[in-house]
Each structure stands twice: as structure tokens, then as C-alpha cells.
Number of protein chains: 2
Amino acid sequence: MKTKAPHDLETAGTRERIVRTASRLMQRQGYEGTGIKQISREAGATLGSVYHFFPGGKQELGTAAVRLGDEEFTELLRESLDAEPDPAKALVALTASLAEGLRESDWLDGCPVTSTVVGTAGSAPGIQRAAAEAFARWRAVVAAKLVAARFAEADAEDLAHTVIATLEGAELASQVARSETPLEAAGRHLARLIASYGGSGHS
Amino acid sequence: MKTKAPHDLETAGTRERIVRTASRLMQRQGYEGTGIKQISREAGATLGSVYHFFPGGKQELGTAAVRLGDEEFTELLRESLDAEPDPAKALVALTASLAEGLRESDWLDGCPVTSTVVGTAGSAPGIQRAAAEAFARWRAVVAAKLVAARFAEADAEDLAHTVIATLEGAELASQVARSETPLEAAGRHLARLIASYGGSGHS
DNA sequence: CGGCGACTAGAACGAACGCTCTATCCAGAG
DNA sequence: CTCTGGATAGAGCGTTCGTTCTAGTCGCCG
């Protein structure tokens, strides 16, 4: 019986509801600021269900929440980069959409990975590892886009570090300042930085 | 009696010990992850003293901790920028020293303001405000340096947004990856971005 | 039908949380 | 000396924390 599909439809329903709720709450309140009871309450699940799906407790749940945020942003990143051949223009569009999302949440929803991982440095190694993997994956997506736009591989990977770091920092700065300006400036400056590597466009 | 100096020497001693301890702990564990009793214990003060100096409770203490982090980084920023006439080179040196500090703490001590403010978005407006003021002050210091290096005022303020955002993001990325690479790349790329504004140097 | 495993349900535990409160200490003013 | 007020000291409040545990529900296989 390899078929786990039948009742997985239901179990995956509860499990996924818990992870999504955990991710959303930790995005706003941080890892330490979010309680398991609050998660189970808002997810419409009970404490028993939470510990059934996450026997590792809060840390395992936090790790799953970070991974969900990882997947969601990876997809957003890919969509933005695929929609526009020029990576510089794509980044400008991406920062604009990040700023829009942030404003629409009344500046509450920053990067889910960042919010969850900050403050767990020495105490929750699983979460640290998941966050490191998320950053690495995002960098790889950006680097692949740059390589596709005829960048040298070394330059692409190098630039990807700064692209991701600047996006993270600008998202945080915009959230704290309650203003789209940091993200907007980051988009423009990343485009300028990329353009400074010779090619003005995509060919 | 305007002279408050005599016993202020002692009272300021305890008060400052509390704030410094709070700042250090919140830098590592976040705002929610740090307890007032832990702060008082590690500061060698009692609960009574904490609430005597900070009748506003944890939020007032957190705000003071953010302001201390603000002052400390403002000073580090000024030192780095004053030591080198070319702002681009100064930023490379700054990222190197940030990376060194991070590595020396075994990747535990990130930006004290960021760690403290993340996760307090909707719940602690005083902390949010103090963090916004910190970012604005740092931006002003960077912008002033750029203006002194013959940048147009509009360009300088615009660039300052991205400089601060990138520094924040790279510090976070370096901490999570436990690697100096993100900060090192950020320094090089910020220097390149600044250099792209015409002047290759300081005159 | 009986039994079994996946899942739900929530009471209960000890510890820690932020905060309030009273008591005490002590230097300096009168 | 007394008196005063800033500072120290810590017991104790009610609440919430993460976690454990037992009981119960449900669908499916034999």
C-alpha cells in the first residue's frame, strides 16, 4: 500500500492549515512571540493535532513554517524573473510588488523567514538551518537568471548574494519606516548595479 | 539644586547596566525571547530596580535598548566613514569590520536594533518608532558623507536608503549563513554602485 | 462484527512570564 | 537626631508558556 492519497487528503488538510497559520503568525509576531495554543486555536485544530503532526514540538513546527515561507517566496521570485527577460527590470518590478504587499498588510507582513529566524540564533538550530537553505535557494534562482542573461557564473553568484541581502534589508527598512521608499530605491539601485556589468539589456 | 551628579553616578550605573544587558540579550534572543527577570539577574540588579528606572515596563526597557543600539552603531558608522575620504572604500572597510565582529561572536550578535524590533510590529509601537529613528539617523550619516564627497543631495539621500538596507540585509544573511561572504559581497557591490555615479574617487 | 491505526480532543503539569506590592536601606536636608 | 525620598530587595499575583497524557472518535481491513 504505497497509496497514501485517500486519507491524506484530510490529514494534509489539517496539517497544512496548521503550518500556514504558524507561518502567518510567526511572520507578524516572531517565533518566540507566537504560542502553540494560539496557532492551534486560529488554525481550528487542537493541541493534540499539532503534536500529532509535529512531535518535535514548537521547533519542528517553526522549521516547517520557515520552509513554507521559503517555497512561497521562491515561487514569487521565479514568477517575477520569468515575466521579464532583463533581470534588472525584473528586480524593479519585484520590489514594487513586495512594497505593494507590505503596504496592503498595513506594514505587518514582512519576510516570513526573517521574522521567524531572528532571535533563534543559539536556541533553535533546525530553524537556522531551514532559513539558511531558503536564502541559498533564492540566491540560486537569482544567479540562474543572471547566467541566462549572459553573466559570467562567478559574477552571477556574487551578485546574487547582494540581490538577496538587499531585498531582505529593504523589506525590513520599508516595514519599519512604513514607507515604500526603501524597497523602491533598492529596486532601482540593484538594476543600476546589474547594468554596470556591461550589458545594458538582455542580449 | 540642578546638581544631580553626586548620586547619579551610582544610579546611572545601575540604570546603564540594565540597559546594556537588555540590549545585549535582545540582540541575541529577540524582544519576546528575553525576560525581564533574566535581564535583572544578568545585570546584577533586582526586579524592583528595573521597574524603578523603567516604570513603563518591558516596552520602555526595549525602547531604551534600541536607542542604545542606535547610538552604538551611529558611532561605528561615523568612525568608519571619517577614517577614509572615499565613501566607497569606507563602506568596504565597514562591512569587513561588521563581518569580523559577527564571526567573533560565533555568529550570535547581529544588528541589535533589527533583532529587537522584529516581531513587535503591531504590539510595541514605542520600539517601532525608536527603530525607525535609528534607521533614519544612520541614513543621514551616510548621506552626509556622500554629500561631502560631492554627490548631489538627491542622489546622496537616495543612495543612503540602499546602503543602510543592504548593510542590514547582509548582516542578517551573514549571520544565518554563518559566513562572511554576504557582508563582503555587499561591501564590494555598494562600492561599485557608488562608483557608478561618476566620481571614481573623492575629488 | 471486532480490532486497529490515524486523528481529534482537551485536561493537567511545572515552569516562566510581566507586573504589583510592601518592606528595607541609606545619604543628605533640616 | 528625625525626616524624606531615591534606590534596592524579593515575595507573590494571575496568566500563559511548551509539553505530556489519557480518552474518545472515525474509517477501513479482515
Side-chain angles (χ1 to χ4, degrees), chain A residues 1-19 21-22 25-26 28-65 116 119-120 122-127, chain B residues 1-19 21-22 25-26 28-65 116 119-120 122-127:
Chain A
M1 311 281 173
K2 307 137 186 214
T3 67
K4 348 184 253 171
H7 34 77
D8 257 20
L9 283 176
E10 188 177 358
T11 72
T14 300
R15 200 196 129 100
E16 191 173 336
R17 231 183 316 131
I18 292 171
V19 178
T21 306
L25 287 175
M26 289 180 180
R28 301 198 175 200
Q29 311 171 357
Y31 177 73
E32 301 282 358
T34 304
I36 288 199
K37 288 176 184 176
Q38 183 188 15
I39 293 169
S40 73
R41 198 185 319 126
E42 299 204 11
T46 66
L47 219 43
S49 298
V50 173
Y51 279 93
H52 172 75
F53 288 111
F54 303 94
K58 191 181 187 182
Q59 191 172 149
E60 184 180 346
L61 182 49
T63 304
T116 307
T120 67
S123 59
I127 293 180
Chain B
M1 311 273 177
K2 307 132 186 224
T3 68
K4 348 185 257 171
H7 35 77
D8 257 19
L9 283 177
E10 190 176 357
T11 73
T14 299
R15 199 195 129 99
E16 190 173 337
R17 232 182 316 129
I18 293 171
V19 178
T21 305
L25 288 175
M26 289 180 181
R28 303 197 173 199
Q29 311 171 358
Y31 177 73
E32 301 283 356
T34 305
I36 290 198
K37 287 178 182 174
Q38 183 189 15
I39 293 170
S40 72
R41 198 185 319 127
E42 299 204 12
T46 65
L47 216 45
S49 297
V50 173
Y51 279 93
H52 172 74
F53 288 112
F54 303 92
K58 193 181 186 181
Q59 191 172 150
E60 184 180 347
L61 182 48
T63 304
T116 307
T120 67
S123 58
I127 293 180

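In what follows, chains carry the letters A, B, and so on, assigned in the order in which the sequence lines appear, proteins first and then strands, with residues in each chain numbered from 1. Quick caveat, the model's predicted, so the values are computed rather than measured.
Residues passing the side chain to side chain donor-acceptor pair (under 3.5 Å) test with A/E32, sequence neighbours excluded: none. Partners of B/F54 by side-chain contact (heavy atoms from CB on, under 4.5 Å), not counting sequence neighbours, listed by chain and number: B/R15, B/I18, B/V19, B/E60, B/L61, B/A64. Partners of A/E42 according to the salt bridge (charged side-chain N to carboxylate O under 4.0 Å, His left out) rule, which considers only residues two or more places apart in sequence or in another chain, are A/R24.
For A/K58 and D/dT20, the NZ to C1' distance is 17 Å, given to the nearest whole Å.
Taking all atoms of both residues into account, the shortest heavy-atom contact from A/I36 to A/G57 is CD1-C, 4.4 Å. Smallest separation of non-hydrogen atoms from B/S123 and B/Q59: O-NE2, 4.0 Å. Taking all atoms of both residues into account, the shortest heavy-atom contact from B/T116 to B/G62 is CG2-O, 4.3 Å. Minimum heavy-atom separation, A/A45 to A/T14: CB-CG2, 4.2 Å. For the residue pair A/A65 and A/M26, the shortest heavy atom distance occurs at CB-SD, 4.3 Å. For A/K58 against A/Y31, the heavy-atom pair with the smallest separation is NZ-O, 3.0 Å.
Rounded to 10 degrees, the angle separating the terminal helix axes of the helix from C/dC1-D/dG30 to C/dG30-D/dC1, each built from five base pairs, is 20°.
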Please list, pair by pair, any protein nitrogen or oxygen found under 3.5 Å from a nitrogen or oxygen in nucleotides 20-25 of chain C.
none

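Contacts between residues 31-46 of chain A and DNA chain C, defined by a heavy-atom separation below 4.0 Å, involve A/K37, A/T46, listed by number.
Using a 4.0 Å cut-off, some side-chain N or O of A/S49 falls inside it from OP1 or OP2 of C/dT8.
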